[in-house]
Amino acid sequence: MSNIAVHRVDKPGVLPDESKLGFGKIFADHMFVMDYETGKGWHNPRIEPYAQFPLYPAAMVYHYGQAIFEGMKAFRTVDNRIVVFRPKDYLNRFNRSAEILCIPKIDVDLVHEGLNKLIEIDKHWVPGSLGTALYIRPFIIATDAYVGVKSSDTYKLFIITSPVGAYYAAGFNPVKIKVEDKYVRAVPGGIGEAKTPGNYAASLRAGVEAKKEGFDQVLWLDGIERRYIEEVGTMNIFFKIRGELITPALNGSILAGITRRTVLEIAKELGIPAVERRISIDEVFAAHAKGELEEVFGSGTAAVISPVGQLTWKGQTIVVNDNKTGEISQKLFEYVTGLQYGKIADKHGWVAEVTKL
Ligand SMILES: *Cc1c(COP(=O)(O)O)cnc(C)c1O
C-alpha cells in the first residue's frame, strides 16, 4: 500500500436528479492528483477537493498538446456494490498512450489504488438508475513553463469524475454516419493509436461539416488510399456481414478500444463468428447491394453499443437493417451492461469491486 494523502471537502456535494445528468458537465467532490519531475519520478499522490488549479501561460500543454487521457466508468450494481469495468485494461492503455506521447509511464497499481480510494470517497456520486454511471477521466498534461518544443520535464496526472445520465434514455436511436472522404484523422506512423487531445483536434473540422450536413458522426477511412475503414469519432466499428462480425484490425492508426475487445471476447464466448481484419468501404457497400450487410454498430465506453442506421459515402446512402437496432447489437449491449450493473455474473474478471454501499 502506498501513501495517498487525503484532503476532503468541508461539505460534500449532492448528486443531482439522475434523470437530468446529461454528460460531462457535473463533477464529483474530489480528484486524484500526482506530480512528475525528471529525476524524482511520479510522486505526491493525493486526493483533493475538485477545484481550479494554476498553471503558467507558458505551460507546455497549452502550446504543443503533450497530453493523454482515458475514459472509463464506475457503476452502482443492482445489489448495491460500486464497481469499475476493466480498470486495469484502461490504465494499461493509458501507459501505451504515454509511450507514444513521450510521457513518463505510471505505476498502474498505484494509480488503480488512487482511483479506488477516490471512488470510495465519492461513492454517493455514483448514480444507480439503469444506463447511468460515474464517468472517470484520468489525464496527464505537460507542465514545464517553456515555449520551446521538447518533451516536458514536469507533468501532472489528474483523475476527475462526472456522474452521467443514461445514453439511451429514449431508447436506441440508430445514428446517421458520414463516411469521410476528404479529411483524415490519422496515418500509419502517426499518433492515431494514442488517446490524446491532438487526435480530437484533428477531427473537429470534419465533425462540424458532417453535423451541418445532417449527420451524427464521421466514419474515418485510412489516410493513404481513403478506402479502408478505421473507426468512428469516439468509437470502434463493427459490421455484420453474412452472420460474421468484422472489425478493422489494430493497425497503429486506430484506437484499441476496451469495448471493442470486450465485444470480440463476448462474441467468441457466445459462438458468434468475429474477425479482425482490413475491410474496405467498397466491400461494405457491395455487401449491402447483395443484401448481406446485416448490422453495423459502434463500440465505445460512453454508449457501449451504438447502432448505425445509415451510411453515406460520396453522396450515396445505404440504410442498414431498416434503420433498426440489430439482434446482435441488442444482445451485445444487454450482455455488457448486464455485467456492468451486476445482473450477469462476471466470469471474466472484468468487474472490479471498489466498495459496497
Ligand atoms: C476512446 C476511443 C474509442 C473507444 O474506446 P473504448 O475503450 O471502447 O472507450 C474509440 N476511438 C477513439 C478515437 C477513442 O478515443
Side-chain angles (χ1 to χ4, degrees), residues 23-24 65 67-75 84-98 100-101 108 115 133-140 161-162 164 167 175 177 180 183-188 190-207 210 216-223 228-239 245 247-267 274 276 296-308 329 332-333 335-337 339-340 348 350-352:
F23 185 88
I68 54 172
F69 65 94
E70 267 306 328
M72 59 180 126
K73 280 175 170 176
F75 302 89
V84 180
F85 193 66
R86 307 191 78 162
K88 294 242 185 156
D89 292 318
Y90 287 94
L91 291 175
N92 282 321
R93 183 175 65 188
F94 202 26
N95 261 344
R96 175 67 190 134
S97 296
I100 295 170
L101 271 291
V108 166
L115 169 65
L134 186 71
Y135 185 77
I136 301 165
R137 169 53 58 87
F139 63 101
I140 298 175
T161 67
S162 170
V164 295
Y167 203 89
V175 292
I177 290 209
E180 182 58 59
Y183 304 117
V184 299
R185 171 185 174 272
V187 290
I191 57 170
E193 190 192 333
K195 231 172 159 67
T196 183
N199 286 330
Y200 282 83
S203 75
L204 294 176
R205 186 162 54 154
D216 300 306
Q217 299 250 20
V218 162
L219 175 65
W220 299 103
L221 299 178
D222 79 277
Y228 297 102
I229 288 163
E230 298 254 301
E231 61 179 320
V232 185
T234 57
M235 294 187 291
N236 296 107
I237 189 138
F238 285 81
F239 300 90
L245 286 180
T247 192
L250 301 177
N251 58 0
S253 58
I254 67 175
L255 217 281
I258 306 299
T259 318
R260 173 187 180 280
R261 198 199 302 175
T262 301
V263 164
L264 288 169
E265 287 167 1
I266 291 175
E276 302 168 69
V296 181
F297 61 87
S299 72
T301 298
V304 183
I305 298 291
S306 175
V308 173
S329 311
L332 289 165
F333 178 80
Y335 197 116
V336 178
T337 54
L339 286 168
Q340 292 170 334
H348 312 85
W350 291 341
V351 179

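In listed order, ligands and their atoms are each counted from 1. The basis for the numbers below is simple: all heavy atoms, side chains too, and nothing from hydrogens, waters or symmetry mates.
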> Under 4.0 Å from a heavy atom of Gly300: which atoms of ligand 1 are those, numbered in the order shown and with their elements?
8 (O), 9 (O)
> With heavy atoms only and a cut-off of under 4.0 Å, state how Ile258 meets ligand 1: side chain, backbone, both or neither.
both
> Between Thr301 and ligand 1, is there a nitrogen or oxygen pair with a distance under 3.5 Å?
yes
> Considering only heavy atoms of Arg93, which atoms of ligand 1 have at least one such atom less than 4.0 Å away?
5 (O), 6 (P), 7 (O)
> Heavy atoms only: which of Glu193, Met72, Glu231, Arg261 is nearest to atom 10 (C) of ligand 1?
Glu231
> So is Ser203 touching ligand 1 or not, going by heavy atoms under 4.0 Å?
no
> Starting from atom 2 (C) of ligand 1, find the nearest protein heavy-atom neighbour and note its residue, name and distance.
Lys195 NZ, 2.5 Å
> Return the residue, atom name and 0.1 Å-rounded distance of the protein heavy atom closest to atom 3 (C) of ligand 1.
Thr234 O, 3.3 Å
> Tell me whether the centres of the aromatic rings in Tyr167 and Phe333 are closer together than 6.0 Å.
no
> Among all protein heavy atoms, pick out the one at the shortest distance from atom 15 (O) of ligand 1; state its residue, atom name and that distance to 0.1 Å.
Tyr200 OH, 2.4 Å
> Pull out every atom of ligand 1 sitting under 4.0 Å from any heavy atom of Met235, numbered as shown with elements.
10 (C), 11 (N)
> Phe69 to ligand 1: N or O pair under 3.5 Å?
no
> Within the 4.0 Å heavy-atom shell around Gly257, which atoms of ligand 1 are there?
5 (O), 6 (P), 7 (O), 8 (O)
> Check for me whether the distance between the ring centres of Tyr135 and Phe23 falls short of 6.0 Å.
yes
> For atom 8 (O) of ligand 1, what is the closest protein heavy atom, and at what distance to 0.1 Å?
Thr259 OG1, 2.6 Å
